[in-house]
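Shown next, in structure tokens, is the structure this report addresses.
The shown structure was predicted, so the numbers you read here are calculated from the model rather than taken from an experiment. Reminder, nothing fancy here: chain letters follow the sequence lines and each chain counts from 1.
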Amino acid sequence: MLTFTIRRLLTAIPTLLLISLVIFLLVDFAPGSPMSDIPLTVPPDVRQKMMEAMGADQPVMVRYLLWLKQFFWTEPLYGIDAIFGTDFAQGAQRIISWQSKVPVFRIIGERMPQTLTVVGTAYAVGVLIALPIGIYSAYRQYSWFDQAGTFFAMAGFSVPTFFTGNLLILIFSVKLGWLPTIYDTTLRVTDWASFYKMVMQMAMPVTVLALFNAAEISRYTRSSVLENLGQDYVRTARAKGMTESTVLLKHVLRNSLIPVVTVIALGLPTVFGGAIVTEQIFKINGLGAALIGAIHVSDLPTVQTLTFIFAVLIVMFNLIADILYGILDPRIRYD
Amino acid sequence: MPVLEVRGLKTVFQTRGGEVHAVNDVSFHLRPGELLGVVGESGSGKSVTMMSLIGLLPSPPAQVRAGEVLLGGVDILKASPEELRKVRGARIGFVFQDPMTSLNPVFTVGAQIMEPLRVHMGLTKAQAEARAVELLELVGIPDARKRLKTYPHQFSGGMRQRVMIAIALACDPEVLIADEPTTALDVTIQAQILELVKELRQKLGMAIVWITHDLGVIAGIADRVMVMYGGQIVEQAPVWELFHKPQHPYTRALLRTIPKLGGQREARLQVIEGQPPILAGAPTACPFRARCAHAFARCEAENPLRRPVDGAALGHGHDVACHWTAPAQESADA
Amino acid sequence: MTDATQSQKPRSQWFAVWHQFRQHKGAMAALILLGALVFFVLIGPLLWRIDPNFIEPNTVKMFKLRNNPPSFDHPLGTDQLGRDILARMMFGGRISLAVGLVAMLVAIFIGTTIGVLAGYFRRADGLLMRFTDLFLALPLLPLLLVMMMLFSEMVASVLGPRLGTFLLIVLAIGVTSWMQSARVVRGEVLALKEREFVLAARSIGTPNRRIILRHILPNVLSPVLVAATLGIAAAIITESVLSFLGLGFPPDFPTWGRLLYDGIDSIRTYPERVVWPGLAISLTVLSVNYIGDGLRDALDPRIRGR
Amino acid sequence: MLDTAKRPLVQVRNLKMYFPIFSGLLRRHSGDVKAVDNVSFDIFEGETLGLVGESGCGKSTVGRALLRLYTPTAGNVVIDGDDVATLSAEALRQKRPTMQMVFQDPQASLNPRMTVAAIIGEPLDEHSGLPTAEKLERVYTLMDQVGLNRRFANRYPHEFSGGQRQRIGIARALALNPKFIVCDEPIAALDVSIQAQVVNLLEDLQDRLGLTYLFISHDLSMVRHIADRVAVMYLGQIAEISPRDDLYADPLHPYAEALLSAVPEPDPNREGRRTRIILKGDVPSPANPPKGCNFCTRCPKVMPICHDLEPVLTEARPGRFVACHLVTPPQTTRAG
Amino acid sequence: ERGSDGELKILYYQAVSTMNAYLSSGTKDVEVGSLVLEPLASFDQDGNLVPRLVKEIPTLENGGVAADQTSITWKLLDGLVWSDGTPVTSEDVKFTWEYCTHPDGGCAQGAKYEGIKSVETPDAQTVVVTFEAPKPYPYQPFTGATAPILQKAQFAACLGAAAASCTDPNTKPIGTGPFVVTDFKVNDVVILAANDKFRDPAKPAFATVTVKGGGDALAAASSVMETGEFDYAWNTQINPEQQTQMEAGGKGKFVNAFGTLVELIEMNMTDPSPALPEGERSTTKHPHPVLSDIKVRQALSMAIDRQALVDIGYGGAGRPTCNLVPAPAVYASDNTGCLKQDMEGAKALMAEAGWTDSDGDGILDKDGKKLSMLYQTSVNPVRQDFQALIKGWWNELGVEVELKSIDPGVYFGGDAGSPDTFQKFYADVEMYANNFDGTDPEPYLSQYLCDKIPGPDNQWQGENINRFCDPAYDAALKELSATGEPTKRAELVKKLNDMLTKDSMVVVPLVDRGRFSAQSNALGGVIMNSWDSELWNAADWYRVK
Ligand SMILES: Nc1ncnc2c1ncn2[C@@H]1O[C@H](COP(=O)(O)OP(=O)(O)OP(=O)(O)O)[C@@H](O)[C@H]1O
Ligand SMILES: Nc1ncnc2c1ncn2[C@@H]1O[C@H](COP(=O)(O)OP(=O)(O)OP(=O)(O)O)[C@@H](O)[C@H]1O
Ligand SMILES: [Mg+2]
Ligand SMILES: [Mg+2]
Ligand code: NI
């Protein structure tokens, strides 16, 4: 298992380098320029100067190599400095956002908490509602509960989050006035009152996202449980005189979760990627919003860095899913 | 008094294509310490009969329509699901056909053996573990304590089947039902298991139902044999009787089809032509009539009842369900 | 023998498929529903002959026509420019349904091809799966922007602006959404490849290409169908996002996705503007899903025989 | 069967089939599963060679390597004059019609989504280029030959019983008029009453078409019935090859003896009397076979020499080849 | 009393990226920055300069502006201190100039400091700005929210290439304004506290300010007018129905001020045909086959009902206009000829131009060519409605119209590689909004000079979007830049405005768009200002109790 992991990590390096290059070229090649949100009142020669100051006029390969160096060398040094109070970086140039002139990693640091809390909670809640629904649907296949579950899951897929999000806002904020529409990223949970506030502001985005996630995962769970219910070992467990709940929740579930857990693991990078639409609707300003904002103004360093981190996460979680598979299923042995 | 007595069992599957009458009016009994062999071709209802006994059939399609299953004199078919559950694994042990898939791949062997011990006998973890080691040693798995912590996939087929037997024996059941326990195994391993069962019977003295299609296996271990065809018991006899004085045309044909290791080699194998019956609808005629060399008009009109051959009470000696009477001198022993 | 030879004319298996399909109540209901939707968008405009983009040029009259509630003249009311919503729904449905279906086909085609190749040819596996990772990691928006920039004029000059845009959108959506199905198909093929009937085909001397076409592909149908039904929903929604970004159809082309997006803005004042397109999309997706379910059963001879 | 008619159709020489094991960081080749290790035998034209042995001993691998479904690691397989082990891809394709295979699991070896006609017709599509009508006619002829009703042509495999499915598999194998058919446990998955039908069919076909079979099975009674000569395999190697009757009457190799003794007899009298040789322990892993004789870990008659020296298959009695130090004294083994 | 009114919550749906106006110049950044950093003088709601850090506005009369108009002298207030307590000196002002004109700095407000020869500091409170040539309007440097004064001590290390890496100064600048930044989250939220060193001890009334970003205009308006979560929301440009509905809620009101922002259509004077080789499309090499005819342009303009556009798209936030320069009042030409739609007149003009519907298909043609226009703009709901409406009117006129909408990031991005930028203008007509900074329209009008035509040779970077080129216009502009006398200047500006609009119709102004923000009823003291930052008088804002 260990050598498998190491080997996969080693092969991931060239893959990721290639991915980073492709992303860089792609983002660079895309139309649009970092000047698009500069007012038209700013004359062309000034725009030209601003581009030069960002280094945006350099050849693309030069910028790519610089980014590589910054990402893999300078930024880790700053990371070490931040943790140990050393000064290895010695003021080397960090990756700086073209739009805000702030180091991209600072932006990521600022945005990570809200993305993780909202999208992460939503994912967790989604999984927590999806599992029982999926299990019960399979256990009572073709019952009305199962039919309703199918319908619910399909509706969850087909209704976009911008619709459900706005609907919730209209009902719970505008009409009823119960919940805030704007997410306060500066809120720190220190006591019950602030915890209550946090819960209130998370309620709607978490609901919207959780429903969306739950729809998909409940489907996977259902089919996986269905498959396992027909297995011989289930009959063995019953023949041993186990209660139905033991049979279902111990024997069947453990096996059914193997594929589901990997699906969940593969879905996790999206948690870090943020939920672009939902973040926008509820003004959460997480990583998703950062990425989309940066794309809109062609803030190449930010787009590149964020996207590359997502790529790393995707590759990592692919690996984690494989390893999880190996851990959960004793039959699978890597190497 | 028999440990297990089944009377008039009837099991039906509700399918999209209509009802499948998989078990029709099956009655038999099992004496303490006896090994009852059940043979019959695939689909004849052997497994369904046994699973009906303890409610292991999935309930939307399957439905036990009629019958009594008396375990120690008490009808367990009328028992509540919870009571039935307490019978399963504790008083009736079950070994299934395919050792590769019958064990849960994600739990250790030890955990799976200990489960019934803890549920039915209320043992502590340590006690259960000790008993599990004992059981594994009983079924001949060396180094048992270490093996408890391994997973089924680390065992060979024969060892897995032994584990299944260990699980079935865990709570010292009165009855052990083995549904084709060696079909998937190699001859050499099958020989090991058969040897083991003989040994265990002597040691533990429980009653066993042994399902198989292999007449050779039956010949080696059974006391009494039941032949099933089309969801019915067509013949029932002590093992020697059955092999030497088969009465039912199906039994006779079956005995002829198998090549023998010893003796003369046949130039050509005998076959039973035709297809097994489709079990749709309650039987009104003999299920074997279409393939029967001796079939006559009555076979079409009426489903034969079991009748004693040797004068003993029905179910205790040799009986057959056939309208045709075999000539006395004829014997399958060539 | 003679009567036997007559009765074995290779009978159309589609008949059997259809017969089985009809057994599936949900699928039949869904088929009827989808049929109704298709009828609505295809035949509807022939019966309801109002130009979906018609705006009354006389401003005084136009102002009277704006934001009308449902009436006899406009069964679903009119929008903020006095355009007939029913006509827009019908016209928009044509595009949305077409985009959804074709884009899904494109995605499934790419996904299946890559999945099959990766699963079947060991050597290609690593490379193709890394390729899939790459696509998963690529940011969608710049990718679409680049595609549109590079190809829109070229395709438009060859196929004309309408068809060109359509093709490009469909390709763009397809190219960016095949990864999931590729993964699923690959997994399935890896297992299928070891099945004995594939070995049997090899022992006959069937070349790989035909083994794939004849033995592998028909057997990965069911995961592909699942991916396909989900793909339609995703494609319809993605199209609306594309329009929203100006990457889709010209702004005077209503599609369900765009109507939905536009409707969101007036959800407070005229909630029905969201409901109609939302309903249409959801119904399409639901019915396609159920049809997929039925089709999966019907195409599987094992189930069909029951 | 006259001695003069004996012409080897298949000659296998030193066939090895190793499945490599890769391990470590760099996926280095660190060992092999020696599924078939140095196997040689002939199959004569028109005869049936039975191949028996425990599960996992390499029977199927031999069969598949013979047909070049696996590319052998080493050795030659000469079938009807051509060395199949080294033929080029296209030449192999041309050669395929002469050699065919019937598979163990009739369910798994038929594509569930193809009709019977399509399955049987597939080899014709690939090799004959017949027009559709003729092809269909040929399919019907084949179905007649294997005793399938022509009306079933448009059915799917799942609509058949196991025996019928196996007939479909056999019809497919016959489609191209092969000379040599590898039957890989063709009856293992079938019900007893149906096994007989299939075996009879195979025998009839052999008589009518002059086929040569390699009949793989672990059902020793059935092998006794159908085979002319029998090879007993253990852990990738051949322990004994003998004419059928000799083997069953007097197995020379201890493994063959044990194997035969384990077969249950459908006769309570004899079953009661028999003494079985119960082998102890498990089969060693083919990735790590024991030193010396393969069977030395379980052999009831094991001698010290067995742990050191690998016995070589030699003709111990006329027509009987055995690899055992008991039978063939050590001086004739490889060490000498 | 300072800090007595608690928290002020402001929503900028486009979130703040930086507090340093010299690095971004996005309106949102400039305006929020103005809470902290101040210029020497700002503009009031009427566009008049009012002193901020200086004692008075220098003029010719008071001698602050040299008679030859080549220099201007500013006198800083006495006792002025930065929020860190150090005194504000003329060195800081001079440094600001150096900062923005550093060649490697990429200063976004470079235009404000153009033409300056030197900035001298005779004493700590006096700043003398000397120009290279006489400046009839010498107030560009150091005025308005776009040209605030930076603290030299804080920014000394941030000159030139280092500007971008000065994260702390850029996000938490030390200023003289009523507030100081306490927390800054990029593109998300800025939290400010009252500046205890602010020169007016009674102000500001609010103790803290939260400026939150995210969402869109509708959500922003809703948060003030419907849910009451915020006190003030910037740029709440929503459609008129929603305006009325939200105002009916009674929680707040919309505030509005008209400035120079005009939604307009540009007519392409060059041929954008894709048939032309790349590099010649939309260049002066090929005049537009149809739009070169002034009658067509006029007819197209006459077919538009500007009032209807306002009623549908802007409501209170806009008004119809025929001018490119609608304000300040002195410069606004009194031309109203276009306000009334005249479809018949338009049709007549078309006929006059030789366009008739000879085949009766409803589309005009001439010499066998149909009259068809490609009409592009950026993606924006209002603009798409405008496109649909105008297409309807032009169809009525007999013109076939094809619509195109482009992602704003691409459209306004100016990427020379993209075919879809508004500068490239690969369309017949295009729509966008334009305005000018401050009150002086001279640089704005100079965009339409012949030598500012975008083309491949200048990487499509010119500002003369419609490729209008008239020597008379160039001459009139030259005269304007040499004229200092206000009434004369006003006349010239009007003339130039009319040359582009009424006389030639190369620019078709549609709507004069105001600044339109939402204000809670609980907030007092807001005076909407379209000439400077909207938050220009945030120090005077207070809580209505
Ligand atoms: N779930 C089910 N639904 C419908 N019919 C069923 C079901 N399970 C079993 N049957 C039918 O019941 C009959 C008896 O099946 P059973 O499994 O008891 O046969 P068997 O004698 O055990 O055969 P085998 O030797 O193959 O195990 C068969 O005809 C089978 O088709
Ligand atoms: N593709 C493969 N890769 C690695 N090892 C293999 C492969 N195929 C077979 N083996 C190994 O080779 C050995 C021989 O396998 P084979 O299938 O030939 O046995 P067999 O005698 O046919 O057994 P059975 O009776 O179960 O069919 C086994 O140990 C098996 O695990
Ligand atoms: Mg069974
Ligand atoms: Mg095999
Ligand atoms: Ni955009």
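For E/A163, no part sits under 4.5 Å from any heavy atom of chain A, backbone or side chain. For E/D420, no part lies near chain A; criterion is any non-hydrogen pair under 4.5 Å. In this structure, chain A has heavy atoms under 4.5 Å from both the backbone and the side chain of E/A111. With a 4.5 Å cut-off on non-hydrogen atoms, E/F184 touches chain A through its backbone and its side chain both. Of the two parts of E/Q459, neither the backbone nor the side chain holds a non-hydrogen atom closer than 4.5 Å to a non-hydrogen atom of chain A. The contact between E/F230 and chain A is made entirely by side chain atoms (from C-beta outward), counting heavy-atom distances below 4.5 Å. Neither the backbone nor the side chain of E/Y411 has a heavy atom closer than 4.5 Å to any heavy atom of chain A. With a 4.5 angstrom heavy-atom cutoff, E/P103 touches chain A only via backbone atoms. Both the backbone and the side chain of E/N435 come within contact range of chain A, with heavy atoms under 4.5 Å apart. At a 4.5 Å heavy-atom cutoff, the contact between A/I182 and chain E is made by backbone and side-chain atoms alike. Contacts between E/Y432 and chain A at a heavy-atom distance below 4.5 Å involve the side chain alone, from C-beta outward. Using a 4.5 Å cut-off between heavy atoms, E/C107 touches chain A through its backbone atoms (N, CA, C, O) alone.
The two residues A/S100 and E/S17 make their nearest non-hydrogen contact at CB-O, 3.2 Å.
One finds the CG atom of E/N187 at 5.5 Å from the CZ atom of A/R111 (value rounded to the nearest 0.5 Å). Here the CG-NZ distance, from E/N20 to A/K101, works out to 9.0 Å after rounding to the nearest 0.5 Å. Between the OG1 atom of E/T227 and the CD1 atom of A/I169 there is a distance of 9.0 Å, given to the nearest 0.5 Å. Atoms CZ and OG1, on A/R106 and E/T171 in that order, are 4.5 Å from each other to the nearest 0.5 Å.
Applying the side chain to side chain contact (heavy atoms under 4.5 Å, CB included) test to E/S530 and every residue at least two apart in sequence or in another chain returns E/A257, E/R515. With sequence neighbours excluded, no residue forms a side-chain hydrogen bond (donor to acceptor under 3.5 Å, both in side chains) with E/K452.
Per-residue heavy-atom pair counts under 4.5 Å with chain A were compared for E/N458, E/V186, E/V410, and the maximum is reached by E/V186. Options A/V174, A/I295, A/I107 differ in how many heavy-atom pairs under 4.5 Å they form with chain E, and the most are formed by A/V174. When E/Q461, E/Q423, E/Q447 are compared by the number of non-hydrogen pairs under 4.5 Å with chain A, E/Q461 comes out ahead.
Among residues at least two apart or in separate chains, there is no side chain to side chain donor-acceptor pair (under 3.5 Å) pair with a member in residues 164-178 of chain A.
Residues A/K283 and E/L11 form no side-chain contact, since every pair of their non-hydrogen atoms from C-beta on lies 4.5 Å or further apart.
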Candidate pair A/N285 and E/K185, rule side chain to side chain contact (heavy atoms under 4.5 Å, CB included), full reasoning = CA-CA 10 Å; A/N285 295 333; E/K185 292 190 174 205; over 6 Å; no

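Within residues 209-219 of chain E, the residues that have a heavy atom under 4.5 Å from a heavy atom of chain A are E/K212, E/G213, E/G214, E/G215, E/A219, listed by number.
Not one N or O on the side chain of E/E229 forms a donor-acceptor pair closer than 3.5 Å with the backbone of A/P180. Looking only at distances, no side-chain donor or acceptor of A/R94 sits under 3.5 Å from a matching main-chain atom of E/S165.
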